[in-house]
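Read through the structure below, which is laid out as structure tokens, and then see the notes.
Quick note on labels: first sequence line is chain A, next is B, and so on, each numbered from 1.
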Amino acid sequence: MHHRSSAAGLRHLCGIVPQDLLGLTHYFTKRIQDLRSGSRDCLRDDHFAIPDQFNPAREGALTLAHSTDNANVTRRDFIYVASSAATAIGATVALWPFIHQMNPAADTLALKEIEFDLAPLVPGQIVTVEWQKKPVFIRRRTPEEVKSAEDALMSDLKDPQADKDRVQRPEWLILVATCTHLGCIPSNLSKGDFGGWLCPCHGSHYDTSGRIRKGPAPKNLAVPPYAFLSDTKVLIGAEPKPAATAEHG
Amino acid sequence: MSHGDYTYQPKNAFTKWLDSRLPIIRLMDEAMLQFPTPKNLNYWFTFGGILTFMLVVQILSGVVLAMHYVPHETMAFDSVERIMRDVNYGWLLRYMHANGASMFFIAVYAHIFRGLYYGSYKAPREVLWLLGIVIYLLMMATGFLGYTLPWGQMSFWGATVITNFFSAIPVVGPSITEWLWGSFAVDNATLQRFFSLHYLLPFVIAGVVVLHIWALHVPGNNNPLGIDVKGPADTVPFHPYYTTKDLFALVVFVLFFSYFIFFNPNAMGHTDNYIPANRLSTPLHIVPEWYYLPFYAILRSVPDKLLGVILMFSAILVWAFLPWLDRSHVRSAKFRPIYRQMFFILIGVVWILGMLGQQSPDGNFDFYGAELPISKVILSQILTIYYFAHFLLLTPIVSLREKALPVPESISKAVLAKKSGSAAVPGAARSPEKRV
Ligand code: HEM
Ligand code: FES
């Protein structure tokens, strides 16, 4: 192992490939000194070489404990670089709990399910219920509404998805009622140009499948996980039972 | 910039003792009393002092409101109502704070447009200008966070719309919004963190204000003529000349502020915010606080979500490039006939964008009751394009092409020429600083 000669080949890279921790420390100390002194002369020989007293290949090499004041790399330099590195890494690691505490807490995450009785809804009716702090639409669609949702051409859709992929039973449309633009609740009263919903905030129009058709919203209204418990009971938040999806899958 | 030979001399034993240990009186004296200031500053230059005052008002009234306010979704609205009805002088404190925010923004807009008119953003004041933009952004954040606290319908849905801006970021957007909310929607967790940050940010603002004033004191004030101070004849000490002028302006401003507190406290608020937050019903017409309206109109003018959000933020960030976009060496618009017109057109454009932000998004533009034959969407698109063109195209081009009017030789000469034109009071001190 001869540092001088192996370093010579790398001169154009303005540095050496350090071979051990001491070499690394030496390297960074030099770079820092260069930056401080404004020296651009990275070809100076001593930048590439490990000083003799630290070169383990040399006879009489000093150990760390014996570094002297006139050495190029002092023990202080080593401590400086090592402790700065430890501080930087430590600070980065300590940052994470401070960031992560803002994410939803365990109680918020606990997936809550709500059961909803569908029996009172007449065809054409929409109700809004709350699930996971979010509003959810349950809409009992009329046959015409189902037909218009199913007949829509994929090429007309901004976020193409077939109606059958958005419902488990065509009569029941269940959607997260959060406009995919900036989060308002689209209005049940003004149904917009496509018979679905019109968002009052910035004018996004959704169709009878809750798909975005016009306006600034980029995506269809989301479909939450749900399962039919019976013909008149639905559990929102539950993963759909295979049987329930098989019906239309 | 030193003013004559004057330096601070501690007068008694205590100030002498203190001066050799913590020269704080010296610092104050040099920065606030003795500080040489161009002698031609007009009232547009008093808004800095007014802004400092308003920051203090907001912090004081806020800290006492926080003694009664409860940051919890089930209690926040009621605690604000309790402040209004039961807490001694609670109504006054809350109206001071709520209207104080509006006054703060009126002052900051006057201050910013003053800078645009007199070219205060140009060398050597670029850092001063950039720090000002930082303060403005922090104010926007603080005002938004505060508006969420009463937990009314506008609070809740305003917070929903604004936090959703971040959901426009590709890929990580939705995770970022959930991180901001601490939930799957605006929630109690959101309210509590907003309160914590609303308490914190004004103190961060105070810190940046110190930097802002520091950056002011290196080159010194700009002035209505936009020319450099050439010597002591051009300046007067800050005290008593500008302390008096600033105080007078402040009194007038406080009268204006008081009108709103005492006679029209809800003029700048929104009635829907007196309805408790309801996560199952969005108000039919959501509007932000008036000070965000032009930017809100820019957001709505774009049919694409991501682009809308980007343009809205860029509308402020573009100011940061102004010192380098404007190549003209003449600072004050007084001597820049074309830029001067552009300046007034820009004010008109921002004003109309503000009106558009206030109105519901569809239909034709309603200009103070008169329906104009142009759709709001188209108009806001035209004005948004003009807004950006003003900064990115017109400003650089005009600054290179325009032929500026001759600039006076010195502040002192210009002031004296003006004074001798009018009936000068015999014996009036023309250079008051020479009496020192
Ligand atoms: C930059 C300075 C500040 C600005 C622009 C500001 C702005 C606002 C605004 C717009 C509101 C809503 C007022 C309403 O409609 O009721 C508010 C509320 C509030 N702010 Fe501040 N604020 C500032 C500083 C502070 C500070 C330093 C505190 C200290 C804790 C504070 C505490 C509160 C509290 C407790 C409320 C809720 C009570 C209420 O709604 O009136 N604010 N703030
Ligand atoms: S939030 Fe629905 S259109 Fe903007």
Side-chain angles (χ1 to χ4, degrees), chain A residues 96 98-112 114 126-138 158-159 176-190 192-193 197-205 212-219 222 224-225 237, chain B residues 73 156-168 170 173-190 192-193 196-197 278-288 296-297 299-309 312 357 360-363 376-377 380:
Chain A
W96 178 241
F98 284 84
I99 293 172
H100 195 43
Q101 55 83 20
M102 276 176 66
N103 273 319
D107 59 342
T108 312
L109 280 176
L111 185 77
K112 283 190 221 113
I114 56 153
I126 311 169
V127 293
T128 313
V129 299
E130 187 183 322
W131 167 72
Q132 277 198 344
K133 305 278 178 172
K134 287 177 285 200
V136 167
F137 284 143
I138 301 178
K158 194 167 170 183
D159 178 15
V176 176
T178 306
C179 180
T180 60
H181 183 224
L182 296 173
C184 293
I185 305 182
S187 166
N188 283 343
L189 301 172
S190 49
D193 294 356
W197 288 270
L198 171 64
C199 182
C201 288
H202 319 95
S204 288
H205 297 251
I212 177 66
R213 301 299 289 270
K214 193 175 146 187
K219 289 216 157 57
Chain B
E73 60 174 343
F156 184 91
W157 291 101
T160 298
V161 167
I162 289 179
T163 48
N164 263 298
F165 289 165
F166 297 91
S167 71
S175 327
I176 292 182
T177 35
E178 283 188 1
W179 177 74
L180 287 172
W181 293 330
S183 182
F184 304 106
V186 173
D187 199 351
N188 185 49
T190 324
Q192 293 195 348
R193 65 191 53 184
S196 169
L197 295 174
N278 177 356
R279 62 174 75 252
L280 291 189
S281 139
T282 307
L284 269 185
H285 182 39
I286 294 195
V287 276
Y296 192 60
L299 168 85
R300 289 200 309 197
S301 72
V302 189
D304 182 79
K305 175 170 164 177
L306 179 60
L307 199 65
V309 173
M312 185 189 62
S360 67
D362 30 43
K376 282 180 242 183
V377 178
S380 52

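- Only the side chain of B/Glu73 comes within less than 4.5 Å of a heavy atom in chain A; its backbone stays farther off.
- Heavy-atom pairs under 4.5 Å with chain B were tallied for A/His100, A/Gln101, A/His202; the largest tally goes to A/His202.
- Around the NZ atom of A/Lys158, the shell of radius 6.0 Å holds more than 12 heavy atoms that belong to other residues, nucleotides or ligands.
- A/Gly183 and B/Asn164 get closest at one heavy-atom pair: CA-ND2, 3.3 Å.
- Contact between A/Pro200 and B/Pro283 at its shortest, heavy atoms only, is CG-O, 4.3 Å.
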Evaluate the side chain to side chain contact (heavy atoms under 4.5 Å, CB included) criterion for residues B/Leu299 and A/Leu182: first the C-alpha distance (whole Å), next the side-chain angles of each, then the deciding distance (0.1 Å), finally the verdict. CA-CA 11 Å; B/Leu299 168 85; A/Leu182 296 173; 3.8 Å; yes
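- B/Tyr296 touches chain A through its side chain: at least one heavy atom from C-beta onward sits under 4.5 Å away, while N, CA, C and O do not.
- Distance check: A/Ile185 CD1 to B/Asn278 CG gives 7.5 Å after rounding to the nearest 0.5 Å.
- Side chain of B/Arg279 to backbone of A/Lys133: a donor-acceptor contact under 3.5 angstrom is found.
- With a 4.5 angstrom heavy-atom cutoff, B/Trp179 touches chain A via backbone and side-chain atoms both.
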Going through the checks in order, is the side chain to side chain contact (heavy atoms under 4.5 Å, CB included) test met by B/Thr160 and A/Cys184? CA-CA 7 Å; B/Thr160 298; A/Cys184 293; 5.9 Å; no
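- Of the possible polar contacts, one joining the B/Lys305 side chain to the A/His181 backbone as a donor-acceptor pair under 3.5 Å is found.
- Chain B forms the most heavy-atom pairs under 4.5 Å with one residue out of A/Thr178, A/Thr128, A/Ile99, and that residue is A/Ile99.
- A/Thr180 touches chain B through its backbone: at least one of N, CA, C or O sits under 4.5 Å from a heavy atom, while the side chain does not.
- There is no contact between A/Leu189 and chain B, counting heavy-atom distances below 4.5 Å.
- Within the 4.5 angstrom heavy-atom criterion, only backbone atoms of B/Ser281 (N, CA, C, O) approach chain A.
- Looking only at heavy-atom pairs under 4.5 Å with chain A, the residue among B/Pro303, B/Gly182, B/Ser183 that has the most is B/Gly182.
- Across B/His285, B/Arg300, B/Arg193, the residue that shares the most heavy-atom pairs under 4.5 angstrom with chain A is B/Arg193.
- Proximity to chain B (any heavy atom under 4.5 Å) is restricted, for A/Val129, to the backbone atoms N, CA, C and O.
- Interface check for chain A: of the options B/Val302, B/Val309, B/Leu180, B/Asp187, the most heavy-atom pairs under 4.5 Å are formed by B/Asp187.
- Contacts of B/Leu284 with chain A are made by both backbone and side-chain atoms, with heavy-atom separations under 4.5 Å.
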